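Inspection log for the structure reproduced underneath, given as structure tokens.
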Amino acid sequence: ALPTRRARAAALAALPGPAAAAARVNLLLEAGRSADALAAASAARERHARHPALALALAAALAACGDHEDAFEAFQAASELAGEDSPAAVDAAAGAAKAALAAGNPDVAAAAITGALQLNKDHGPSLILYARIAQTRGMLRDTARALVRALAADRAAAGAPLAELTATDA
């Protein structure tokens with residue numbers, strides 16, 4: 001049987017270090033306890049200011065609490081800490097785009113998601129977010145192309161043959 005969320009949280013509480021702290025924050029977010037997640041992330045960041053996973057968890061907690069402008073800045077900081085070669089950098093850039101979009105800044109969101117896709121052109125969540133941003137900006141052809149690319153990337157990652165649809169069909 002899979003461990004319950006409470007059992008995972010208890011196991012993580014016993015572990016020291018920034019990676020465990022980030023995992024605890026993510027579990028709190030998963031449980032819908034965004035204020036507790038933000039408090040835990042803030043406290044842990046005081047001890048581990050340069051840890052990318054913890055910076056990403058703090059940014060996610062800020063976004064979950066509705067503080068999209070601070071979340072945007074925190075996601076950007078997490079991306080810089082992670083470095084370009086890290087998958088966390090893509091997640092952080094996508095998080096920054098999502099925060100900018102939630103704050104009502106679609107142009108800033110577009111620039112951020114373009115950065116995420118420059119790091120990984122086949123990142124499904126970034127492609128889907130790009131489609132949302134393009135739709136918000138009235139760019140329906142780009143919306144369709146991004147969704148087709150996301151579908152193709154997902155199918156390729158799953159090892160399935162690519163659908164006959166391509167980005168040029170959109």
Side-chain angles (χ1 to χ4, degrees), residues 5 8-9 12-13 17-147 149-150 153-154:
R5 185 180 296 142
R8 289 184 304 191
L12 284 171
R24 283 192 294 275
V25 170
N26 290 327
L27 278 176
L28 288 167
L29 289 171
E30 189 179 297
R33 296 173 51 194
S34 54
D36 292 337
L38 181 56
S42 296
R45 283 283 288 167
E46 288 178 13
R47 293 185 307 275
H48 309 286
R50 308 269 323 143
H51 195 274
L54 193 50
L56 195 55
L58 173 63
L62 285 164
C65 288
D67 190 350
H68 302 296
E69 290 179 9
D70 284 347
F72 175 79
E73 291 177 17
F75 278 120
Q76 286 188 312
S79 182
E80 290 174 16
L81 284 173
E84 283 187 15
D85 296 335
S86 169
V90 178
D91 292 337
K98 192 172 182 180
L101 188 61
N105 298 315
D107 293 336
V108 173
I113 203 62
T114 299
L117 290 169
Q118 286 173 345
L119 295 172
N120 181 351
K121 66 181 177 60
D122 295 323
H123 187 244
S126 293
L127 288 165
I128 292 169
L129 185 55
Y130 179 86
R132 282 185 52 213
I133 294 166
Q135 181 185 25
T136 299
R137 298 170 82 199
M139 302 164 58
L140 300 183
R141 183 177 278 291
D142 286 352
T143 300
R145 284 185 181 135
L147 290 173
R149 281 183 52 206
D154 182 59

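Source: prediction; values computed, not measured.
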Under the 3.5 angstrom rule, does the side chain of [X] hit a backbone N or O of [Y] as a donor-acceptor pair?
X	Y	value
Arg149	Lys121	yes
Asp154	Ala150	no
Ser79	Ala93	no

Might you point out which heavy atoms bring [X] and [Y] nearest each other, and give the distance in Å?
X	Y	answer
Gly104	Pro106	O-CD, 3.2 Å
Asp70	Leu62	O-CD1, 3.8 Å
Ala131	Thr143	O-OG1, 3.4 Å
Ala63	Phe75	CB-CE1, 4.3 Å
Glu84	Leu119	O-CD2, 3.7 Å
His48	Gly17	NE2-C, 4.2 Å

Atom pair [atom1] ([X]) and [atom2] ([Y]), whose distance is rounded to the nearest 0.5 Å:
X	Y	atom1	atom2	value
Arg50	Leu81	CZ	CG	4.5 Å
His51	Leu58	NE2	CG	13.5 Å
Ile133	Ile128	CD1	CD1	12.0 Å
Ile113	Leu129	CD1	CG	4.0 Å
Thr136	Asn105	OG1	CG	12.0 Å
Arg145	Arg141	CZ	CZ	5.0 Å

- Does the pair His68 and Leu101 meet the rule for a side-chain contact (heavy atoms from CB on, under 4.5 Å), with working shown? CA-CA 9 Å; His68 302 296; Leu101 188 61; over 6 Å; no

- Item | Test log, rule side-chain contact (heavy atoms from CB on, under 4.5 Å), inputs Tyr130 and Asp142 | CA-CA 8 Å; Tyr130 179 86; Asp142 286 352; 3.7 Å; yes

- Query: For Val90 and Ser126, what are the C-alpha separation, side-chain angles and deciding distance, and is it a side-chain contact (heavy atoms from CB on, under 4.5 Å)?
  - Reply: CA-CA 8 Å; Val90 178; Ser126 293; 4.1 Å; yes

- Measure the shortest side-chain to side-chain distance between His123 and Asp91 over non-hydrogen atoms and say whether it is less than 4.5 angstrom.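 Result yes, sub-4.5 Å side-chain heavy-atom pair found.
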
- Query: Does the side-chain contact (heavy atoms from CB on, under 4.5 Å) test come out yes or no for Val25 and Asp36, once each step is laid out?
  - Reply: CA-CA 8 Å; Val25 170; Asp36 292 337; over 6 Å; no

